[in-house]
Amino acid sequence: MDEVRIIRGVLAAGALVFIVSALGLLVAPGWFGELLGLRPSVEGEWALRMVGACLVALAGQMWLVRRSDHAGVRGAAAVMIVGGGLMTLLTVFLPADEGWTLFRWLYLLFGSSFMIAYAGLLYWGLRETPGRSARAR
């Protein structure tokens, strides 16, 4: 089984998660922040809207790059490990007044799951298996 085909699926699923998050951040940033346990503020809502705008662009790029060649898809997975790792780290250290809300746990679970999936698939692709030609990669 080709790991790049699976990475393409993970990129598509991640793009969908990001676009749903982006819509929530753009349309209802106060509600989204509340779910994460953040203190409501006008400045915080605008910062969350900015994150939402960035997620729209990232979701679009993830959706498009999934149709790239093998090297491009693997490169996108590597970038998502770094980006997902940073988002996961920031979720852990989020200065939330409400502590660990259910939504924050779910957000952490989604972020770390995608990061682990990309890392595992890239590792799987780096393994040399007998009978698999370099051309098939």
Side-chain angles (χ1 to χ4, degrees):
M1 184 176 274
D2 184 20
E3 85 283 354
V4 171
R5 184 173 60 81
I6 299 170
I7 292 172
R8 286 184 171 123
V10 174
L11 284 166
L16 294 175
V17 169
F18 276 177
I19 202 66
V20 168
S21 293
L23 290 173
L25 288 163
L26 290 167
V27 174
W31 173 74
F32 202 95
E34 203 175 293
L35 289 174
L36 288 171
L38 296 173
R39 183 179 328 179
S41 73
V42 173
E43 296 84 3
E45 286 188 19
W46 277 103
L48 289 173
R49 280 190 181 101
M50 297 285 282
V51 171
C54 292
L55 286 182
V56 169
L58 184 55
Q61 291 298 322
M62 290 167 67
W63 188 259
L64 293 173
V65 77
R66 70 189 176 85
R67 293 293 182 200
S68 185
D69 62 7
H70 281 51
V73 170
R74 287 186 185 114
V79 168
M80 292 310 299
I81 290 169
V82 174
L86 289 170
M87 289 177 74
T88 300
L89 187 65
L90 289 171
T91 301
V92 169
F93 293 106
L94 187 73
D97 288 341
E98 300 298 318
W100 282 85
T101 63
L102 175 62
F103 189 73
R104 184 174 172 186
W105 278 109
L106 291 173
Y107 219 64
L108 181 66
L109 177 67
F110 270 103
S112 57
S113 295
F114 277 101
M115 188 180 64
I116 291 166
Y118 288 124
L121 288 165
L122 285 179
Y123 176 75
W124 179 31
L126 293 175
R127 295 181 314 147
E128 281 296 325
T129 55
R132 189 170 179 192
S133 69
R135 213 170 119 224
R137 295 178 154 265

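Basis for what follows: all heavy atoms, side chains included, without hydrogens, waters or symmetry-related copies. We're numbering straight along the sequence, starting at 1.
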Evaluate the ring planes of F114 and Y118, with Trp represented by its six-membered ring, and classify them as parallel (under 30°), tilted (30 to 60°) or perpendicular (over 60°).
-> tilted

W105 vs W100 aromatic rings, parallel, tilted or perpendicular, using cut-offs 30° and 60°?
-> tilted

Roughly how far, to the nearest 0.5 Å, is [atom2] of [Y] from [atom1] of [X]?
X    : Y    : atom1 : atom2 : answer
L109 : T88  : CG    : OG1   : 10.0 Å
F18  : M87  : CZ    : CE    : 4.0 Å
R67  : R8   : CZ    : CZ    : 7.0 Å
I81  : L86  : CD1   : CG    : 12.0 Å
L36  : L106 : CG    : CG    : 10.5 Å
Q61  : S68  : CD    : OG    : 11.0 Å

Is any side-chain heavy atom of [X] closer than 4.5 Å to a side-chain heavy atom of [Y]?
X    : Y    : answer
R104 : L94  : yes
V4   : L121 : no
M50  : L25  : no
L38  : E34  : no
E43  : L48  : no
V73  : V65  : no

Of the non-hydrogen atoms in [X] and [Y], which two are nearest, and what is the gap between them?
X   : Y   : result
A77 : I7  : CB-CG2, 3.9 Å
R66 : A12 : CD-CB, 3.8 Å
A22 : G52 : CB-O, 3.4 Å
L26 : R49 : CD2-O, 3.4 Å
A59 : I19 : CB-N, 4.1 Å
L11 : M80 : CD2-CG, 4.2 Å

Can you get from [X] to [Y] by hopping between Ile, Leu, Val, Met, Phe, Trp and Tyr side chains that sit under 4.5 Å apart?
X    : Y    : result
Y107 : L35  : yes
M115 : W124 : yes
F110 : V79  : no
W63  : I6   : no

Do R74 and E3 pass the salt bridge (Lys or Arg N to Asp or Glu O under 4.0 Å) test, and can you show the C-alpha distance, the side-chain angles, and the key distance before you say yes or no?
-> CA-CA 9 Å; R74 287 186 185 114; E3 85 283 354; 2.7 Å; yes

Around atom CD of E45, are there more than 12 heavy atoms of other residues, nucleotides or ligands at under 6.0 Å?
-> yes

